[in-house]
Amino acid sequence: MTVIKSCLFSLSQSGNLNKLAKKLGPKLGIHSFIAGTNLVELETNIYRLNNRGVAVTIDNLGEFVYYEKDASEATSRILDVIDRIYLKGLNGHISIKLTQIGLDVDDSICLNNATKIIDYADQKNIFVNIDMEDFNHIESSWNIINELTAKYSNIGTVIQAALYRAESDVKQNKNMKLRIVKGAYKESANISFQMKKEIDNNFLKLTKIHLLDGAFTSIATHDHNIIREIIYFIEENDISTSKFEFQMLYGFRTNLQDALVEKGYNVCVYMPFGKEWYGYFMRRIAERPQNINLLLKQTFNKFFTKAY
Ligand SMILES: Cc1cc2nc3c(=O)[nH]c(=O)nc-3n(C[C@H](O)[C@H](O)[C@H](O)COP(=O)(O)OP(=O)(O)OC[C@H]3O[C@@H](n4cnc5c(N)ncnc54)[C@H](O)[C@@H]3O)c2cc1C
């Protein structure tokens, strides 16, 4: 990993810069990556995607939560999103981060909040994905996920192909809906692959294992080479389109999303929304510094539209 990438990853974990970004956000062109800062903007964007035949998974952004009160406020905001999906009949579900609802406060507080969310979503027949965060949170996240899956079936989680433990996690959780990703966090060589080629190979391996043996697979990548190879594998093994979907992040590779829908595949877009966009945004820049171009384009467009 380059020094620049490393610096960007460290910056993504700064709570102070997160505070500053909250104030500056609307002035920057963050709307290329963030599907709105409130529910009204979010809903407009969901309709736009649903009309293109694309489903959505909604992330009510929030990180750096260290107090019980903040965790419970975040939980209430997530319940509001579930209501919105249900009442408006949107084609979507939610993605949550356990640190947002108390994992850094206390495991039992987090489990309580997660249970509230999953139970509420279950009553409305809505699926909840539990996103996977950095390695320091993995063991406690799996403990909570295991408690929840003993009671609920509307839950899935994420496997990060960069991690050595990923293959064993996939094999142990073949009955769960799993999203396979490369991994957005910088991890050390004793626990994770460091070379892009190794991560790509593991991504392919894990996706194939879950497609053949597992429950539903969400193939979450913008990498056209990987997508091409997976499609070849799916056709060769006659895997039904009802057993998988392609997932991409909001604002990325829209043409590729449309091309996959056109070919009859399920596509789901991850929609981050809210004011706490900083950590999410910085990880996107760190993993692909060219993404800054999108932001600059949007910011300059905004400036021009205002000036004229
Ligand atoms: C839906 C979704 C959910 C996720 N959830 C999690 C999670 O819970 N936990 C976690 O750790 N990570 C998560 N991630 C992030 C993930 O781990 C990766 O960091 C991120 O997806 C970047 O990897 P990539 O597979 O898209 O391809 P990269 O390795 O970034 O890119 C590979 C190649 O794809 C092409 N490419 C990529 N992006 C673009 C673009 N914008 N335009 C044109 N070409 C492009 C380029 O040719 C590039 O070389 C998620 C990602 C997605 C899509």
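These numbers come from a predicted model, not from an experiment. Indexing begins at 1, ligand by ligand and atom by atom, following the structure's order.
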request  = Considering the heavy atoms of Gly183, write down every atom of ligand 1 situated less than 4.0 Å from one of them.
outcome  = 11 (O), 16 (C), 17 (O), 19 (O)
key: ligand 1 atoms in contact with Lys196 (distance to a heavy atom under 4.0 Å)   = 29 (O), 32 (C)
key: Any donor-acceptor N/O pair, Asp70 side chain to Val65 backbone, under 3.5 Å   = no
inquiry  = Ignoring hydrogens and geometry beyond distance, is a side-chain donor-acceptor pair present between Gln123 and Asp119 at under 3.5 Å?
reply    = yes
query = Heavy atom of Lys97 under 4.0 Å from ligand 1?
reply = no
task = Please work out which of Val181, Asp134, Ile159, Asp131 has its closest non-hydrogen atom nearest to atom 6 (C) of ligand 1.
result = Val181
key: Check: Tyr250 ring centre within less than 6.0 Å of Phe273 ring centre   = no
ask   = Any nitrogen or oxygen of His224, main chain or side chain, under 3.5 Å from a nitrogen or oxygen of ligand 1?
value = no
Ser141 and Glu139 side chains, donor-acceptor separation under 3.5 Å = no
query = Does Lys182, backbone or side chain, put an N or O under 3.5 Å from an N or O of ligand 1?
reply = yes
message = Can you confirm, on distance only, whether ligand 1 has an N/O atom lying under 3.5 Å from any N/O atom belonging to Tyr185?
response = no
key: Arg228 to Tyr232 six-membered ring, cation-pi geometry met (6.0 Å, 45°)   = no
key: Numbered atoms of ligand 1 (with element) below 4.0 Å of Tyr270, judged on heavy atoms   = 1 (C), 3 (C)
task = Please could you name the atoms of ligand 1 that Arg284 approaches to less than 4.0 Å, counting only its heavy atoms?
result = 15 (C)
key: Ala220, any N or O under 3.5 Å of ligand 1 N or O   = no
ask   = Under the criterion side chain to side chain contact (heavy atoms under 4.5 Å, CB included), which of Val261, Leu49, Leu256 is the partner of Val267?
value = Val261
note = Here the atoms of ligand 1 under 4.0 Å from any heavy atom belonging to Asp223 are 32 (C), 33 (C), 34 (O)
remark   = Rounded to the nearest 0.5 angstrom, the NE2-CZ distance for His222 and Arg253 is 8.5 Å
inquiry  = For the 3.5 Å polar cut-off, considering only N or O atoms, please tell me whether Ala184 and ligand 1 meet it.
reply    = yes
request  = Output the list of atoms in ligand 1 that are nearer than 4.0 Å to some heavy atom of Val158, sorted by atom number.
outcome  = 7 (C), 8 (O)
key: Check: Gln247 N/O within less than 3.5 Å of ligand 1 N/O   = no
Qualifying ring pair (Phe, Tyr, Trp, His ring centres under 6.0 Å) pairs with a residue from residues 82-130, counting only residues at least two apart or across chains = His93-Phe127
message = Is it the case that ligand 1 has an N or O less than 3.5 angstrom from some N or O of Asp200?
response = no
key: Proximity winner for atom 8 (O) of ligand 1, if only heavy atoms of Met248, Met132, Glu187, Gln160 are counted   = Met132
inquiry  = Under a plain distance cut-off of 3.5 Å, with no hydrogens placed, do Ser95 and Arg179 share a side-chain donor-acceptor pair?
reply    = yes
key: Glu245, Glu133, His222: member with heavy atom nearest to atom 37 (C) of ligand 1   = His222
key: Any donor-acceptor N or O pair under 3.5 Å, side chains Asn129, Asp131   = yes
ask   = Between Asp104 and His137, is any side-chain donor less than 3.5 angstrom from a side-chain acceptor?
value = yes
inquiry  = Within ligand 1, which atoms have a heavy atom of Leu249 less than 4.0 Å away?
reply    = 1 (C), 2 (C), 51 (C), 52 (C), 53 (C)
